[in-house]
Amino acid sequence: MKSIQFDQLSLASIAGLALVSSLLAVGCNNSSTGNTPDAGNSTNTASTGAKSGTKIAFLVKQPEEPWFQLEWKFAEEAATKDGFELIKLAVTDSDQVLSKIENVAAQGAQGVVICSPDVKLGTAIEKKCKDRNLKLMSVDDQLLGADGKPLDIPHLGISAKKIGTSVGTALMDEMAVRKWDAKDTGLLVITRDELDTAKERTDGAIEGAKGFAADHIFKAPQKTTDVPGGRDAASVVLTQHPEIKHWLIAGMNDTAVMGAVRATESRNIPADDVVGIGINGSEAVEDLKKDKPNGVFGSILLQAKRHGYETSDAMFKWITANTVPPKITYTDGILLTRKNYVQVLKEQGLSK
Ligand code: FCA
């Protein structure tokens, strides 16, 4: 029997669950998508009929984001295949990270896969896992040591610079298709420089937008990494630059770009004058599906299966066969647009 309760999810996350449901592959049972989040503060386990006695905890920073729900879903697939018990935990607040790890250790887990809400907790997380005899891997956001350098533990993340660069190139391509005049076109980049993978993505986007006038590139730091964070950051720039007619938009992920597009909408900038390209695919696809095109032009679809399945499967092999996972794995993405998303999702095993 599978069962899951989500930890500390808000109403907004229920909406997120609804959004992601259409991305989930055939064969997914209701455990990841259908349950009402638990309002309490209990530890939440997705038991997968474990045969091996192995328990692995998969901790994510933003459980309301469809991206992380997909990771969990694919981690469950590994749990079912390998026969381990998966503990899915939300760690939305950096204050909770260590106590939640303590908690999974007390439950008898032997390994932790984590995307931490704060990568600077790396040293403390590593120490806690060592003390409690837990193997540790990071996913998506690489944990940093006290010296600000990545921890020497296995990590699986995206090729952030390369993926960001492909966003920049795709934005320029679409600008050419639309024959926008460089004079009144701006590149709005929603940034989150304190997170390395985010900075690499947005630096890459600027690099990919080769030849774009530097004085028409506007960076807008987001305070929170969600749609409102992207929207608020963008609003400041849009207010400051009424002279810009057309907007290209990049950011660290879909919610950053979708937020910025929402900001253009509330300023009544016509959808035709906005081209936003996100990263993840899991959130932006909902905009691509809408009958009426809006400023969300596309997204780089990441490989959630590799992030969720491969990490948990590698952890299982590490625990049970002492096979140490690769130190670093970087994954790629593929441009999703209105034109190709049905086909691409199908090819990636992400459609119904
Ligand atoms: C980060 C972002 C997520 C996703 C992931 C691969 O953790 O916050 O949205 O892009 O990297």
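All ligand and atom numbering here is 1-based and tracks the order in the structure.
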Asn253 N/O under 3.5 Å from ligand 1 N/O | yes
Could you find the nearest protein heavy atom to [atom] and give me its residue, atom name and distance?
| atom | result |
| --- | --- |
| atom 2 (C) of ligand 1 | Met252 CE, 3.6 Å |
| atom 8 (O) of ligand 1 | Lys61 NZ, 3.0 Å |
| atom 9 (O) of ligand 1 | Glu65 OE1, 2.7 Å |

With heavy atoms under 4.0 Å as the rule, classify the contact between Arg201 and ligand 1 as side chain, backbone, both or neither.
-> side chain
Result for side-chain hydrogen bond (donor to acceptor under 3.5 Å, both in side chains) between Trp67 and one of Glu64, Glu65, Glu71, Gln69 points to Glu71
Salt bridge between Glu286 and Lys290, side-chain N to carboxylate O under 4.0 Å?
-> no
N-O pairing of Asp332 and Lys162 below 4.0 Å | yes
Heavy-atom gap Asn280 to ligand 1 smaller than 4.0 Å = yes
Out of curiosity, is Asp141 lining ligand 1, as in a heavy atom under 4.0 Å away?
-> yes
Do Thr239 and Arg267 meet the criterion of a side-chain donor-acceptor pair at a distance under 3.5 Å?
-> yes
Under 4.0 Å to a heavy atom of Asp140 - the qualifying atoms of ligand 1, by number | 5 (C), 6 (C), 7 (O), 11 (O)
For the residue pair Phe218 and His241, is the inter-centroid distance of their aromatic rings smaller than 6.0 Å?
-> yes
Given side-chain hydrogen bond (donor to acceptor under 3.5 Å, both in side chains), test Gln96 with Asp93 step by step and report yes or no.
-> CA-CA 6 Å; Gln96 312 164 331; Asp93 188 344; 4.8 Å; no
